[in-house]
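Once you've had a glance at the structure underneath, I'll fire off some questions.
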Amino acid sequence: WAPARCVAAWALLVGALAAGTPCVPPPGSTLLVLGQDRDAIAGYAQAFGAPAGAAAYTSLPDLQGLMDPADYGSGVEHAEALVEAYPGAVVQLAVYLVGELANVTAGAHDLPIRALADWIAAARVPVYLRLGYEFDNPSNGYEPEAFAAAFRHIVRAIRARGVPNVAFVWHAWGFEPWGGRPLSAWYPGDAFVDWACVSAFQQVFGGAHMEHMRDMARFAEAHGKPLGICEATPFGGLSRGANGTTHVAAPGVPEGYSADTWADWFEPLLAFVRDHEVRLLSYINCDWDAQPMWKGQGWGDTRLEADGRHASLWRERVLASDRFAPACEEGTTLDAEPNSAITELAARGRRVTLPAMDPGPMSPGERVVVLLAIAVGLFTTLAAAVAFGSDWGTRRGQQSSYEAFEAPLMPLGDAQRELEPASNAEGASAHLHQATSP
């Protein structure tokens, strides 16, 4: 376990120093992120250019889709590939926690949490970490107290690793919270949350049924947190006539929207962004109907590049807008500082390969074993020295041979050599949690 521990420590330190802290765009600016799978993002980038940010999904405890690709019928998730494909782009990383809250809080998943922390540091880009996203969605079943406790546990564990390039995101689903409870029931506390976030799906159509999104906006303002829209797509697709789908109304919202998705959905969404100073907008750009997990659910095709009119409007009213310029202020509430001892290595831009898991600090039992091993080693060395001394007088004739003897230099091991650049770090992996249909 000692070599693995050393490698992970170097990975953390080198990566963390080179990483930028997650920024909060200044008033009037919004960071634009694209999702939600590798190929969908690539299709967008080919048509519009590389995005300022890319969205990915993983889970505890298995971390599939993080360093290795994973596809569960909803597109390929591979966060590491996004870091390599879009240098300098931020990563919005969601962590699925359904069924694992008690295990997280009990410390059963501390190893993968530490591995996740080390991956974030080694990625050397700002990472917006959505822990247990859509916490108030009934389909997730996150009990408020258990969710808040697990959220705090993960934040503490990652902060303990000294990771400076992570912001912790608290993400509601944008509809009525599970059980009618207030958002505050799930809140981990100001000290553990850097961003507040909400989803935007069919409740945006027409702009008159966004009250729960506005509740989150008011909550974020009251707690001094920047507001983001972490999942957004026009449920039903860009064009009703083209793919045969119809926009599905949110609960209590009558149907009857026009076929003009830009007017009915994009314009209310962009108005919400302006009115509530949304600092991060993550658009899901994919052909939902072509993915087995979503086929037949009515999501449609929301790829902007596949619809000429929407592509033109997107370029004109989003990409050409001053609001979505990549201006950012450095800073996060984390206040972690990288280790200055590794400034030179990090300045060289070295990438390292992380092990799948890091054993973490030694337990009391491990310390006892190590101390016993040291004691045995010292005793053996002392005994050998005494035996050697007692025999010294009988070998006076060989004195010149001993005086001439020089121990050969030990060859440098891999851990002592200068770190060499590595590409496509591979190890732990993650499960894509599909965005739940509201």
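Since the structure is predicted, the reported quantities are computational estimates derived from the model, not experimental observations. All residue numbers refer to positions in the sequence shown, counting from 1.
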* Taking Thr30 for the side chain and Val278 for the main chain, is one N or O donor matched with an acceptor at less than 3.5 Å? -> yes
* Non-hydrogen side-chain atoms of Leu82 and Tyr86 separated by less than 4.5 Å -> yes
* **Electrostatic pair Arg309:Asp260 at N-O distance under 4.0 angstrom** => yes
* Asked: Between Arg279 (side chain) and Val24 (backbone), is there a donor-acceptor pair under 3.5 Å?
  -> no
* Separation between CZ of Phe175 and CD of Glu211, rounded to the nearest 0.5 Å -> 9.5 Å
* Where is the tightest heavy-atom contact between Ala150 and Val104, given as atom of each residue plus distance? -> O-CG1, 3.7 Å
* To do: Let me see the working for His153 and His109 under side chain to side chain contact (heavy atoms under 4.5 Å, CB included), right down to the final yes or no.
  => CA-CA 10 Å; His153 185 93; His109 296 335; over 6 Å; no
* For Leu281 and Val33, run side chain to side chain contact (heavy atoms under 4.5 Å, CB included): C-alpha distance rounded to whole Å, both residues' side-chain angles, the deciding distance at 0.1 Å, then the answer. => CA-CA 6 Å; Leu281 172 61; Val33 176; over 6 Å; no
* Answer yes or no: is there a donor N or O on one side and an acceptor on the other, between the side chain of Glu100 and the main chain of Pro61, under 3.5 Å? => no
* Structure fact -> Distance col, row Cys197:SG vs Lys225:NZ, nearest 0.5 angstrom, shows 13.5 Å
* Structure fact -> Those residues at least two apart in sequence (or on a different chain) that pass salt bridge (Lys or Arg N to Asp or Glu O under 4.0 Å) with Glu267 are Arg317
* To do: Mind listing the closest non-hydrogen atom pair of Ala45 and Pro51 along with its distance?
  => CB-CD, 4.2 Å
* **Gap between atom CD of Gln297 and atom CH2 of Trp288 - 0.5 Å precision** => 9.0 Å
* **Nearest atoms (heavy-atom pairs only) where Pro144 meets Ala185** => CB-O, 3.2 Å
* To do: Considering non-hydrogen atoms only, spot the tightest contact between Phe151 and Val169 and give its length.
  => CE1-O, 3.6 Å
* To do: Work out which heavy atom in Ile120 is nearest to a heavy atom in Asn165; give both atom names and the distance.
  => O-ND2, 2.7 Å
* To do: Side-chain contact test, heavy atoms from C-beta onward, threshold under 4.5 Å: evaluate it for Glu176 versus Asp136 and give yes or no.
  => no
* Asked: Mind checking whether Phe235 and Trp299 have parallel, tilted or perpendicular rings, split at 30° and 60°?
  -> perpendicular
* **Side-chain donor or acceptor of Thr302 paired with backbone N/O of Ile284 under 3.5 Å** => yes
* Quick one: does Trp119's side chain get under 4.5 Å of Val83's, heavy atoms only? -> yes
* Could you check Tyr128 against Leu280 for side chain to side chain contact (heavy atoms under 4.5 Å, CB included), going step by step and ending with a plain yes or no? => CA-CA 10 Å; Tyr128 299 81; Leu280 182 150; 4.3 Å; yes
* Stepwise side-chain hydrogen bond (donor to acceptor under 3.5 Å, both in side chains) test for Trp173 and Glu231 -> CA-CA 9 Å; Trp173 80 312; Glu231 291 185 7; over 6 Å; no
* Asked: If you take all heavy atoms of Arg161 and Ala117, which pair is closest and at what distance?
  -> CG-CB, 3.7 Å
* Check whether any side-chain heavy atom of Leu129 sits under 4.5 Å from a side-chain heavy atom of Ile158, and report yes or no. => yes
* Just wondering, do Pro177 and His212 contact through their side chains at under 4.5 Å, heavy atoms? -> yes
* Is there a side-chain contact between His223 and Val193 (heavy atoms, below 4.5 Å)? -> no
* To do: Please find out if less than 6.0 Å separates the ring center of Trp170 from that of Phe219.
  => yes
* What is the distance from atom CD of Gln202 to atom CG of Asp264, rounded to the nearest 0.5 Å? -> 13.5 Å
* Structure fact -> Rounding to 0.5 Å, atoms CG (Asn140) and CZ (Phe147) come to a distance of 9.0 Å
* Under the side chain to side chain donor-acceptor pair (under 3.5 Å) rule, collect the residues that match up with Arg156, sequence neighbours excluded. => none
* Asked: Would you say the side chain of Asp37 lies within less than 4.5 Å of the side chain of Cys286, judging by non-hydrogen atoms?
  -> yes
* Asked: Counting distance only, does the side-chain N/O of Thr105 pair as donor-acceptor with the main-chain N or O of Leu101 below 3.5 Å?
  -> yes
* Are Arg323 and Ser29 close enough that some pair of their side-chain heavy atoms sits under 4.5 Å apart? -> no
* **Spatial distance of atom CG (Leu93) from atom CG (Leu66) [nearest 0.5 Å]** => 6.0 Å
* To do: Decide yes or no on side-chain hydrogen bond (donor to acceptor under 3.5 Å, both in side chains) for Arg130 and His171, but give the supporting numbers first.
  => CA-CA 7 Å; Arg130 288 193 287 144; His171 174 201; 2.9 Å; yes
* To do: Please identify each residue that fulfils ring pair (Phe, Tyr, Trp, His ring centres under 6.0 Å) with Tyr283, with sequence neighbours left out.
  => Phe266, Trp314
* Under 6.0 Å between ring centres, would you say that holds for Tyr133 and Tyr57? -> yes
* Asked: Using the benzene-type ring in the case of Trp, are the ring centres of Tyr142 and Trp186 under 6.0 Å apart?
  -> no
* Using a cut-off of 6.0 Å, state whether more than 12 heavy atoms not belonging to Asp275 lie near its atom CG. => yes
* Asked: Does one side chain, of Ser74 or Gln291, offer a donor that lies under 3.5 Å from an acceptor on the other?
  -> no
* Intermediate values then yes/no, side chain to side chain contact (heavy atoms under 4.5 Å, CB included), Thr233 and Asn285 -> CA-CA 7 Å; Thr233 205; Asn285 185 78; over 6 Å; no
* Please report the C-alpha distance between Thr261 and His310 in whole Å, then the side-chain angles of each, then the deciding distance to 0.1 Å, and finally whether the side-chain hydrogen bond (donor to acceptor under 3.5 Å, both in side chains) criterion is met. => CA-CA 9 Å; Thr261 306; His310 283 87; 4.5 Å; no
* Asked: For the side chain of Arg181 and the backbone of Trp178, is there at least one donor-acceptor N/O pair under 3.5 Å apart?
  -> yes
* To do: May I ask you to decide if Gly300's main-chain N or O and Asp289's side chain share a donor-acceptor pair within less than 3.5 Å?
  => yes
